[in-house]
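Step one of this worksheet: look at the structure below.
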Number of protein chains: 2
Amino acid sequence: MLRPKPVPVTVADIRKNCSQCHLLELCLPFGMTETEINRLEQLIESRRRVLRNKPLYRCGDPFEAIYAIRTGSFKTDVLLEDGRQQVTGFHMAGEILGLDGIGTERHTCNAIAMEDSEVCVIEYRQLETLAREVEGLQHQFHKVMSREIVRDHGVMMLLGSMRAEERLAAFLLNLSHRLSIRGFSSAEFHLRMTRNEIGSYLGLKLETVSRAFSRLQEEGLILVQQKHVKILDLASLQKLVHPLTRHQSGE
Amino acid sequence: MLRPKPVPVTVADIRKNCSQCHLLELCLPFGMTETEINRLEQLIESRRRVLRNKPLYRCGDPFEAIYAIRTGSFKTDVLLEDGRQQVTGFHMAGEILGLDGIGTERHTCNAIAMEDSEVCVIEYRQLETLAREVEGLQHQFHKVMSREIVRDHGVMMLLGSMRAEERLAAFLLNLSHRLSIRGFSSAEFHLRMTRNEIGSYLGLKLETVSRAFSRLQEEGLILVQQKHVKILDLASLQKLVHPLTRHQSGE
DNA sequence: CATATTCGTTGATGCGCATCAAGCACGCTT
DNA sequence: AAGCGTGCTTGATGCGCATCAACGAATATG
């Protein structure tokens, strides 16, 4: 409801923004030259803190900026009239939020912080202007959008053709991969989202998610304790997902 | 397997390309000024015919161009190792294909013509160059990508939370809408895809699709005869989809 | 025009997951 | 430390859809 106001940042802070950010290679500036990055830095006017469970933006909000996650993590979801939610994605540091708003000039989903987080605010009109001058920025921005499309196709395949246990395995492998890229352990991590949110994302009910966790544990592939997950047998998890030989119910 | 070679087009033809194309408002040039469109036209080097069931591009192909559908229609799919396919989208005149390739510089799915079709080939590097000069093109291109993302989110919601009959209703309404925009009847049309392809797209088996068709017909909402569909009760169809009050199995 | 092949419909059966329900393990508040 | 709310687990039951199977309709092939 109440939005935290953007936190003004000093010029010195801003200058440090991208080139010294350890997320450089995961974020928008990836692949840009140093001088290109310097120009992008100047465009990032402010950062914004978002407290846990608070929205960065909401469905229907006018679209004005995209956001690069500096710290923390977000979920994006759509609320249905009956109050139920459908989670469309989980997002972590370095990823870009808000791309959904460009087409309609309004945001089409809610972006909610899953923990106290901080984002870089990139005013969209300015980004377009700069992208016309800085080829590397333009190209990288297009890549970010394209990858989002491909990612969504992956989720569609998951929802369309995998069984509960396989969906969860795919989800865990995806998390594991993204965490390891960011320098965290790929084998052991803490889930920031509830079973309900995982279920919503995977097209399952929370009880089914819980059972799938237990099942993977019984099979010795993972170790779960509430939100703590430890991956014991990566290869088997991957085999479970990748062949995609099995579809839908058994067989 | 064998790809039809690009069909060279005379300069005169090209000149007529966009500004005289009746798809103008559905395609990339939408929202651009006349002079902007003229510059875009010059960039479209060739058209390409694709015969029914032939690929426009294949998964793994190096990414070089995006394609605007002039006539005909396409499906995009991913083939799994066991030979089964997962359809990620159906595409008709005016829509843009190939955006998935930007991120990895390779196509990540197959685009197969569902009937003899023709596309405008838009070489991607040239498009980027021109987008840096022509603001309207840049903006429109971003919008097209953003809408693709939003569209995919819609499919994710459909796959994650709707029952077979609702999925099919949503699918039919979506087709109907897109056809009416293109000047075709929104109430009566011919399906270009098989039950199997519809099922693959909707995360259902072909038998279930067939039953859902029959069910909607029994309820008096539509009239089906093989690939011919007539919508009898639009409002009820929409009610079936929109509330999204019911989820997954019954309740 | 006859035959083969693909595609569609419909019925019978079983499995996977949603649903309903109860109890347990947390973190929060006072 | 007690009390509460929220989130997680696990069991019992039923429904929706996949699966298997057979037949019919439409299109392609020679």
Side-chain angles (χ1 to χ4, degrees), chain A residues 51-53 75 82 84-87 114-116 158-169 190-218 222-229 240 245-251, chain B residues 51-53 75 82-87 114-116 158-169 190-218 222-229 240 244-251:
Chain A
L51 295 179
R52 186 172 135 87
N53 291 327
K75 68 174 176 188
D82 64 354
R84 266 186 46 100
Q85 61 171 357
Q86 167 87 22
V87 172
M114 293 197 296
E115 58 194 306
D116 294 354
L158 178 147
L159 291 172
S161 69
M162 286 169 52
R163 299 184 305 109
E165 210 175 319
E166 297 164 347
R167 294 187 199 187
L168 185 62
H190 193 80
L191 299 172
R192 303 238 90 101
M193 63 294 282
T194 67
R195 299 290 190 264
N196 195 23
E197 288 165 338
I198 296 173
S200 173
Y201 181 61
L202 297 179
L204 303 169
K205 289 295 162 186
L206 69 92
E207 295 95 328
T208 305
V209 173
S210 182
R211 277 186 247 272
F213 267 120
S214 303
R215 198 107 197 291
L216 290 177
Q217 180 165 257
E218 283 167 27
I222 64 172
L223 211 144
V224 206
Q225 199 160 28
Q226 306 292 115
K227 304 205 153 169
H228 245 86
V229 176
L240 198 57
T245 300
R246 314 253 151 290
H247 302 277
Q248 308 193 352
S249 81
E251 203 275 310
Chain B
L51 296 179
R52 183 172 138 89
N53 291 327
K75 70 174 175 185
D82 63 354
R84 267 186 43 100
Q85 61 171 355
Q86 166 87 23
V87 173
M114 293 197 297
E115 59 195 304
D116 292 356
L158 178 147
L159 291 172
S161 68
M162 285 170 50
R163 299 184 305 106
E165 210 176 318
E166 298 164 347
R167 293 186 200 186
L168 185 61
H190 194 80
L191 299 173
R192 301 238 96 98
M193 62 294 285
T194 68
R195 300 289 190 263
N196 195 23
E197 289 166 336
I198 297 174
S200 175
Y201 181 61
L202 297 179
L204 302 169
K205 287 295 164 191
L206 68 92
E207 296 95 329
T208 306
V209 173
S210 182
R211 277 185 247 272
F213 267 119
S214 304
R215 197 107 198 291
L216 290 177
Q217 181 165 254
E218 283 168 26
I222 64 173
L223 211 143
V224 207
Q225 200 159 24
Q226 307 291 116
K227 302 205 154 170
H228 245 87
V229 177
L240 198 58
L244 280 185
T245 300
R246 313 256 152 289
H247 302 278
Q248 308 192 352
S249 81
E251 199 276 313

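A note on names: the letters A, B, ... follow the listed sequences, proteins ahead of strands, and every chain is numbered from 1.
- The nearest whole Å value for the distance from the CZ atom in A:Arg52 to the P atom in C:dG27 is 11 Å.
- In this structure the side chain of B:Leu240 reaches within 4.5 angstrom of the side chain of B:Leu216, judged on heavy atoms.
- Within the model, atoms CZ of B:Arg163 and CG of B:Leu158 stand 12.5 Å from one another, a figure rounded to the nearest 0.5 Å.
- For the pair B:Leu206 and B:Glu197, the minimum side-chain heavy-atom distance is 4.5 Å or more.
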Please produce a list of atom pairs where a protein N or O lies less than 3.5 Å from an N or O of nucleotides 4-11 of chain C.
| from | atom 1 | to | atom 2 | distance (Å) |
| --- | --- | --- | --- | --- |
| C:dG8 | OP1 | B:Arg195 | N | 3.4 |
| C:dG8 | OP2 | B:Arg195 | N | 2.9 |
| C:dT9 | OP1 | B:Arg195 | NH2 | 3.2 |
| C:dT9 | OP2 | B:Arg195 | NE | 2.7 |
| C:dT9 | OP2 | B:Arg195 | NH2 | 3.3 |
| C:dT9 | OP2 | B:Ser210 | OG | 3.0 |
| C:dT9 | O5' | B:Ser210 | OG | 3.2 |
| C:dT10 | OP2 | B:Ser214 | OG | 2.6 |
| C:dG11 | N7 | B:Arg211 | NH1 | 2.8 |
| C:dG11 | O6 | B:Arg211 | NH2 | 3.0 |

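- For the helix from C:dC1-D:dG30 to C:dT30-D:dA1, the terminal axes (five pairs an end, C1' atoms, rotation from four pairs onto the next four) enclose an angle of 50°, given to 10 degrees.
- Atom CG in A:Leu191 sits about 13 Å away from atom C1' in D:dG7, given to the nearest Å.
- Taking 4.5 Å as the limit, every side-chain heavy atom of B:Thr208 sits out of range of all side-chain heavy atoms of B:Leu202.
- Residues A:Ile198 and A:Leu191 have side chains in contact (heavy-atom distance under 4.5 Å, counting atoms from C-beta outward).
- Spacing between atom CG of A:Leu202 and atom P of C:dA18 amounts to 11 Å, rounded to whole angstrom units.
- Nucleotide D:dC17 holds its P atom 18 Å from the CZ atom of A:Arg163, rounded to whole Å.
- The side-chain heavy atoms of B:Thr194 and B:Lys227, taken from C-beta on, include a pair separated by under 4.5 Å.
- Taking atom NE2 of A:His228 as the reference point, atom P of D:dC8 lies 14 Å away to the nearest angstrom.
- Look at CD on A:Glu218: it is 12 Å from C1' on D:dT9, rounded to the nearest Å.
- Rounded to an integer number of Å, the gap from B:Glu166 CD to D:dC17 C1' is 14 Å.
- Here the side chains of A:Lys75 and A:Met193 are not in contact, with every heavy-atom distance at 4.5 Å or above.
- Side-chain atoms of A:Asp116 come within 3.5 Å of backbone N or O of A:Arg52 as a donor-acceptor pair.
- Taking the side-chain contact (heavy atoms from CB on, under 4.5 Å) definition, one finds that A:Glu207 meets it with A:Lys205, A:Arg211, sequence neighbours left out.
- Following rounding to the nearest Å, B:Arg192 (CZ) and D:dT27 (C1') show an atom-to-atom distance of 15 Å.
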